Each structure stands twice: as C-alpha cells, then as structure tokens.
Amino acid sequence: MEIRKKIFALAVLSIFYSCSTSKISDSEVVKCNGIYEANNVGNEAENAKHYNFISLLNRKLIKDTLWEKPIFYYKFKIEVTDKKHIEITIINELDKIVAKRRYNFRKKEEHIILKNKNTQTSFIPYLAGALDIRKLRIKSNENKSLNVEITEHRSGGVFMIPMGWSNTKKTEKYKRVE
C-alpha cells in the first residue's frame, strides 16, 4: 500500500512539473523597448503589406484602414509601460508620430504574447462566415533585433458545413533602429 501512495505522489508531481512553463523575466521584457523598422529584414517593397509589422497590428478584416499609405518606410516604437501593458507608437518616414496605441500582453515561454483583438469574426462564423485568429509572439534576440512569431488560423463554413480552414506559422525579424 505504501508503494502505491509513493507512485501516485510521484505521478501527480511529474504531471504538475511538466505543466509548468518557464517565465520570462521583467528584464527580458524591457529588452524589447526600442525603435524598429516596420519592414522585416530582407523584405522588398512589393511584399511590404504582407510582412510589415504595422499591417500585422491592423485587425480590420473587411476594410483595410492602411490602404494607399506608404507604410513601407514607417518605423514603430515599443515601450513596456507596466507588467501588463505595452505601448506601440507608429512613426512615419518624416519621424512624426502617426498613431499611438496601448495593448495588453502576457508573458509565456520567453515571449510576449500581444493581445490585439486576436480573434475576429466575419459575419456569423460557420453559419455564413469565418473565424480568424492571429497571435503575435514578440521576443528580442541577441542582435537586439525583434523576432515576431505570427500564428494564424482561419476557418469557416456555410450552414454548418465546413468550407475550409488554414493554419500558418511564420517568424519575421525586424531591425532595431535606435
């Protein structure tokens, strides 16, 4: 009977130990503070909309609010204001502030997960529409550049009949300017 109790205790302990995640320290979060180019490293002007950090922050599914703006030359500034909030400032090519927004974030596995209205719907999901989820995981690397891991999921259907879904995951790197 004693051996069963020890085995049960070890099993429970191993389950709780395996479920724990490594926490990112506050000093790692502060390393993300800085000004970065809005385009990823090695990007060309033709692909600017798809790989631009500012377009990743834009969560308008039906209407593109950044249409006809020269966001290819923009920069963005990240500043962690407290343990749960991050402020992102968009700066145009003339070094003027275009917009400033405050986002919630959470820390998980050495990344900052940005809460920027991650889940969006277009019309009524699965009845006559789709569900769109995008998560941005931010981390500063050893070169003081910014790595952004983008995870996207889109699924939908008509009258509860699935019409398709897609899952994509990619990582972009943004160069620090200051």
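Residue numbers run from 1 in the order of the sequence given. For clarity, every value in this text was computed on a predicted model and none was experimentally measured.
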So, taking the atom named [atom1] in [X] and the one named [atom2] in [Y], what distance separates them when rounded to the nearest 0.5 Å?
{"X": "Lys77", "Y": "Ile91", "atom1": "NZ", "atom2": "CD1", "result": "7.0 Å"}
{"X": "Asn141", "Y": "Asn147", "atom1": "CG", "atom2": "CG", "result": "4.5 Å"}
{"X": "Leu131", "Y": "Ile124", "atom1": "CG", "atom2": "CD1", "result": "13.5 Å"}
{"X": "Ile90", "Y": "Tyr74", "atom1": "CD1", "atom2": "OH", "result": "8.5 Å"}
{"X": "Lys75", "Y": "Ile54", "atom1": "NZ", "atom2": "CD1", "result": "11.0 Å"}
{"X": "Ile88", "Y": "Phe53", "atom1": "CD1", "atom2": "CZ", "result": "4.5 Å"}

Flag yes if [X] and [Y] sit in one hydrophobic cluster, no otherwise; membership is Ile, Leu, Val, Met, Phe, Trp, Tyr, and two members link when side-chain heavy atoms are under 4.5 Å apart.
{"X": "Tyr103", "Y": "Val148", "result": "yes"}
{"X": "Ile35", "Y": "Ile112", "result": "no"}
{"X": "Leu146", "Y": "Leu56", "result": "yes"}

Q. Going by atom types only, do Glu87 and Thr81 share a side-chain donor-acceptor pair under 3.5 Å?
A. no
Q. Looking only at side chains, do His153 and Thr151 share a donor and an acceptor under 3.5 Å apart?
A. no
Could you check whether any side-chain heavy atom of [X] comes within less than 4.5 Å of a side-chain heavy atom of [Y], counting everything from C-beta outward?
{"X": "Glu149", "Y": "Leu136", "result": "no"}
{"X": "Phe105", "Y": "Val80", "result": "yes"}
{"X": "Ile113", "Y": "Arg106", "result": "yes"}
{"X": "Ile150", "Y": "Thr171", "result": "no"}

Q: For side chain to side chain contact (heavy atoms under 4.5 Å, CB included), just list the numbers for Lys170 and Glu172, CA-CA rounded to whole Å, side-chain angles, deciding distance to a tenth of an Å, and then say yes or no.
A: CA-CA 7 Å; Lys170 58 185 172 183; Glu172 301 293 339; 3.9 Å; yes
(Q) If you count every heavy atom of other residues, nucleotides or ligands that lies below 6.0 Å from Ile97 atom CD1, does the total exceed 12? (A) no
What are the two closest heavy atoms between [X] and [Y], and how far apart are they?
{"X": "Tyr73", "Y": "Glu93", "answer": "CB-CB, 3.8 Å"}
{"X": "Tyr36", "Y": "Arg176", "answer": "OH-NH2, 3.0 Å"}
{"X": "Ala128", "Y": "Phe123", "answer": "O-CB, 3.2 Å"}
{"X": "Arg154", "Y": "Ala130", "answer": "NH2-CB, 3.9 Å"}
{"X": "Arg102", "Y": "Asp82", "answer": "NH2-OD2, 3.2 Å"}
{"X": "Ser140", "Y": "Cys32", "answer": "N-SG, 3.8 Å"}

Q | Carboxylate-amine/guanidinium contact Glu152 Arg134, below 4.0 Å | A | yes
